[in-house]
There are 2 protein chains.
Amino acid sequence: MQITRQTEYAIRTMLELASRPRGEVLQVKIISERQGIPVEFLKKTVQLLSLAGLVKTRRGVQGGIMLAKAPEDVNMADIVKAIEGPIAFNICLEPGYICPNRDICPVSPVLARAQAAFLQELKRESLADLVKKHD
Amino acid sequence: MQITRQTEYAIRTMLELASRPRGEVLQVKIISERQGIPVEFLKKTVQLLSLAGLVKTRRGVQGGIMLAKAPEDVNMADIVKAIEGPIAFNICLEPGYICPNRDICPVSPVLARAQAAFLQELKRESLADLVKKHD
DNA sequence: ACAAAGTGGATATAATATATCCACTATAGG
DNA sequence: CCTATAGTGGATATATTATATCCACTTTGT
Ligand code: SF4
Ligand code: SF4
């Protein structure tokens, strides 16, 4: 019932990027130092963000990463999902899982609603909102 | 980012109890059979429910467990908390944990709000509500 | 006395989260 | 072209947590 450490790393990374002039490239190593995140682990994390289309990367000398979208167009739910995959507060809410008592089970819908409420709160917060608060 | 299996066991156990005439004692073994839950594991789960004051237990012959309160007075959040302890969607929301950047961190409040939204949805659903839907 | 049923501690097993290692590929710049 | 740099990707290690089992004990109705 907790976001993973990696998810927070991802959020802080996105914040770090968003606090910079648009289009600026930042090296993963620099982010790891500034945020106190193990660099090798952060690399993996960035790959997930990249796969989700939240950051663009550039290899080689002068490389690094940058936001793929404007901070206004990225919300917290996007980032959490990028790292944790589809959110499912219970096994039966995972895509593809079929529970035999699904039809008669009163628990599943309640969890689904609670989960929706959670996600909606995250969706309401854009990266830009967060950066603003930070200042 | 998921409730544990044990938490669902607890919820289903409470539902099982609530679907009975008030005050009736049910044996853990029976519940485990009817719900397909490993009995030894369910015993531990019941102890947590008991500790949280959600069920009353009686030992020995003709013993078993029963609801400690009316189904109307128990909500889903109560049960989840009974098993998982205080809910904290991130480490900094755990009671007692102090994060050095807490004061300037814009992430923490967002997660706190999302968590509150989640809990509120669970609070809105009483055990009685769920049993009703089941029928 | 005896069997039933919850209590509690110890342990085993599996799954997941976190972290590290290292070989590889792409790229800017000399 | 060479080289240092920086992301890519696979394999592995370690720690933590979730799930499950074992068993000795206590309580209690008959
Ligand atoms: S029993 Fe209900 S809550 Fe549990 S997995 Fe099946 S549908 Fe979901
Ligand atoms: S950095 Fe922010 S979100 Fe992360 S633990 Fe500290 S307060 Fe919480």
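The sequence lines fix the lettering, A, B, ..., with proteins before strands; numbering per chain opens at 1.
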OG1 (T4(B)) and CD (Q2(B)) are apart, to the nearest 0.5 Å, by 9.5 Å
With no angle test and no hydrogens, is the base of dG9(C) tied to the side chain of K44(B) by a donor-acceptor pair under 3.5 Å?
-> yes
I83(B) atom CD1 is separated from dT17(D) atom C1', nearest whole Å, by 16 Å
Per nearest nucleotide of DNA chain D, the residue lying toward the 5' end, M1(A) or G63(A), is G63(A)
With the side chain defined as heavy atoms from C-beta on, I65(A) is closest, among dG7(D), dA20(D), dT18(C), to dG7(D)
Between Q27(B) and E40(B), the residue closer to the 5' end of DNA chain C by nearest nucleotide is Q27(B)
Here the distance between atom P of dA5(C) and atom CD of E33(B), to the nearest Å, is 11 Å
**Prompt:** Between Y9(A) and dA17(C), is there a side-chain N or O to OP1/OP2 distance below 4.0 Å?
**Reply:** no
Assert: residue with more 5' nearest nucleotide on DNA chain C, out of Q62(B) and Q47(B), is Q62(B)
ask   = Can any side-chain N or O of N101(B) pair as donor or acceptor with the backbone N or O of I104(B) at less than 3.5 Å?
value = no
Of the listed dT19(D), dT8(D), dT7(C), the closest approach to the T4(B) side chain comes from dT19(D)
- When all nucleic acid strands are considered with a 4.0 Å heavy-atom cut-off, which category describes V28(B): base, sugar-phosphate, or nothing? sugar-phosphate
Of L42(B) and G64(A), the one whose nearest nucleotide on DNA chain D sits closer to the 5' end is G64(A)
Polar side-chain contact R59(B)-dT28(D) base: donor and acceptor under 3.5 Å | no
ask   = Within the distance-only criterion (no hydrogens, no angle test), does the side chain of E125(A) pair as donor or acceptor with the backbone N or O of L130(A) below 3.5 angstrom?
value = no
Among dG6(C), dC22(C), dA4(C), the one nearest any side-chain atom of K43(B) is dG6(C)
side-chain contact (heavy atoms from CB on, under 4.5 Å) test vs L127(A) passes for just one of K132(A), M14(A), K69(A), namely M14(A)
Original post:
Phosphate oxygens OP1/OP2 of dT8(D): is one of them under 4.0 Å from a side-chain N or O of T57(A)?
Top reply: yes
